[in-house]
Amino acid sequence: MAAKDGIKTTLQNRTRRQKRSQAASLVLMGATPLIVLGMDPLHIDVRVFSDLDSCNAAPGLTPDYCGALNQEAASRHAAMAPKYTSMEQCEADFTHITNDNACKVGWCSAENFSTCESSENGLFQPPYSSFLVDQSVIDEAQAGEQANPAALSDQQLQPVYGISDYTLQNDQDSGSDYSHHSHIPFYWHYVTANGQYLGNKNLRGPVTMARTQLASNSGKVYSGTSKRGGFGSTARRTMQSARS
């Protein structure tokens with residue numbers, strides 16, 4: 001009985017979160033049993049964990065399982081991360097401060113920045129630090145059923161990245177016009193590897209996404225210094241859509 005009550009509560013919560021998405025689905029598909037039960041086939045609820053500690057702190061998730069999820073997401077990073085031909089442009093999009101308290105006054109040392117790293121074939125990419133998990137996977141784990149992380153699809157488990165607020169607010173074609181000394185990017189946001197906006201750095205609750213937004217990709221390469229046609233452009237467009 002307790003298990004049934006837990007499932008009922010989960011479905012009720014997901015139904016409330018997906019109300020707006022389901023309204024569109026009802027028009028397109030009709031009131032199918034899947035929609036009535038809150039299992040929208042077109043959308044997915046995901047949770048973003050900034051690091052392993054934030055996963056460990058989630059109710060019902062064990063450190064061992066969080067470690068396995070984190071390890072599997074990290075293993076997908078090399079293939080899925082966005083790639084750049086220019087370190088400068090990669091850092092213009094992704095550089096942000098990871099330790100606010102260490103940098104609010106005075107000099108901010110390099111270890112408090114998340115910048116970019118070299119990848120294969122002389123390309124550059126943001127580093128791995130965060131990951132997202134399908135909310136249904138978390139619900140099942142909390143009920144005692146832990147899915148094998150390696151068996152999860154990219155839609156259910158994938159790395160996510162921190163993009164600077166500067167990138168989301170600037171639509172110029174030039175590269176970075178700030179340095180670590182003149183502009184300290186305290187505020188940043190989560191995006192998927194293909195530039196889909198998830199929320200700002202204070203994101204805590206589930207996010208409803210179209211399943212197509214979380215489709216797997218093989219690390220698109222961005223060339224030159226243009227932002228309007230690059231990763232930053234996609235992130236800005238999807239942020240605006242998410243806020244509308």
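What you see is a predicted model, and the numbers here were worked out from it, not measured in a lab.
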Seminar exercise, completed: Paired with Leu132, the side chain to side chain contact (heavy atoms under 4.5 Å, CB included) test is passed by just one of Val48, Val207, Ile44, namely Val48

Seminar exercise, completed: Minimal heavy-atom distance between His189 and Tyr197, with the atoms involved, is ND1-OH, 2.9 Å

For this session: Side-chain contact test, heavy atoms from C-beta onward, threshold under 4.5 Å: evaluate it for Asn194 versus Thr234 and give yes or no.
Result: no

Problem set entry | Gln146 vs Glu140, side-chain hydrogen bond (donor to acceptor under 3.5 Å, both in side chains): CA-CA, chis, key distance, verdict | CA-CA 6 Å; Gln146 294 182 348; Glu140 291 173 359; over 6 Å; no

Exercise. Does any non-hydrogen side-chain atom of Phe131 lie less than 4.5 Å from one of Asn70?
Worked result: yes

For this session: Could you tell me which non-hydrogen atom of Lys83 sits nearest to which non-hydrogen atom of Leu123, and how far apart they are?
Result: CB-CD1, 3.9 Å

For this session: Report yes if the side chains of Pro159 and Ser130 come closer than 4.5 Å at any heavy-atom pair, otherwise no.
Result: no

Exercise. Cluster question for you: counting only ILVMFWY and a side-chain heavy-atom cut-off of under 4.5 Å, with indirect links fine, are Tyr161 and Tyr222 together?
Worked result: yes

Problem set entry | Side-chain heavy atoms of Pro126 within contact of Cys90, under 4.5 Å | yes

Problem set entry | pair Gln158-Val133: side-chain heavy atoms closer than 4.5 Å | no

Exercise. Does the side chain of Leu214 reach to within under 4.5 Å of the side chain of Thr192, using non-hydrogen atoms?
Worked result: yes

Exercise. Counting only heavy atoms not in Gln71, do more than 12 sit closer than 6.0 Å to its CD atom?
Worked result: no

